[in-house]
Structure formats: C-alpha cells, structure tokens
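In what follows, every chain begins at residue 1, and chains take the letters A, B, ... in the order their sequences are listed.
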Amino acid sequence: MWKIWLLFDARRALIGVLAFAFSMVLLNHFIQLSTPRYGSWLNAPIETSSN
Amino acid sequence: MPENQSGTPSGLTHAEAQEFHRVFMQGFMGFVALTLVAHILIWLWRPWF
C-alpha cells in the first residue's frame, strides 16, 4: 500500500485528500442541518423527541 | 529516464514512501477514531434508526 507514494506526489496527494475530506464534512453537516431530526441542533431545542 | 535520483515518479525513495505512509495512516486512524466517537455520541443523543 505504501508503494502508492512512489507514484503520487505526497504533498499534492495530502492536500487533495484533506480538501476532499473537508468538503465532505462540510456537505454532511449542512445536509444534517437541513433535516427535521437534526436541523435544530443550533437554533431551537425541539420538545423531548425520545418517545 | 528518471526525473530524480530516487528513480520513482513521485521522487520519493522506498524508505521515504514507507515513512510517509506510516504517518499518513496514523493521521487517518485518528480521523476515523474521532469520527467514530462523534457518531456514538450523536447516536446516544438522537438515534437515526
């Protein structure tokens, strides 16, 4: 597996992986914010949902 | 025609590639562990199934 670094430039790959991971995390957080179940963790507490 | 002394396309020697891989995997495992803890906490708070 380490041989991948003989092919790909480590610095560029690292920047690429970090940028990709960051955009995925950003996207997922905003997706969750747009859902009814998790969309209120910032603005308003919903009534006790564990029923 | 090797572009550099190491003779590999990336320019890293075998030893450097192995060392970088070790550090890369440590970082990745840290990210996975952190994400796992976050998901466990969220599940305890509000399960999604």
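Legend: residues meeting side-chain contact (heavy atoms from CB on, under 4.5 Å) with A/R11, ordered by chain and number and at least two apart, are A/D9, A/I15. By the salt bridge (Lys or Arg N to Asp or Glu O under 4.0 Å) test, B/R22 is found to be paired with no residue, residues two or more places apart in sequence or in another chain being considered.
Cluster membership for B/M29 and A/L14, using ILVMFWY side-chain heavy atoms within less than 4.5 angstrom, is shared. Both B/F49 and B/W45 are assigned to one and the same hydrophobic cluster, defined by single-linkage of ILVMFWY side chains at heavy-atom distances under 4.5 Å. In terms of hydrophobic clustering, with Ile, Leu, Val, Met, Phe, Trp and Tyr side chains grouped at heavy-atom distances under 4.5 Å, A/L33 and A/F22 are assigned to a common cluster. A/V25 and A/I31 fall into different hydrophobic clusters, where Ile, Leu, Val, Met, Phe, Trp and Tyr are joined by side-chain heavy atoms under 4.5 Å apart, directly or via other members.
Looking at B/T35, neither its backbone nor its side chain comes within 4.5 Å of chain A, counting heavy atoms on both sides.
Across all non-hydrogen atoms, the minimal contact from B/L12 to A/L6 is O-CD2, 3.6 Å.
Residue A/W2 forms a side-chain contact (heavy atoms from CB on, under 4.5 Å) with just one option from B/E16, B/Q18, B/E19, and that option is B/Q18.
To the nearest 0.5 Å, the span separating CZ on A/R12 from OG on B/S10 amounts to 10.5 Å. Note that CD1 of A/I4 is 9.5 Å distant from CZ of B/F24, once rounded to the nearest 0.5 Å.
Looking at heavy atoms from C-beta onward, A/Y38 lies in side-chain contact with B/I42 at the 4.5 angstrom threshold.
The aromatic rings of A/W5 and B/F20 stand perpendicular to each other, their planes meeting at an angle above 60°, with 30° marking the opposite boundary.
The closest donor-acceptor contact from the side chain of B/R46 to the backbone of A/R37 lies under 3.5 Å.
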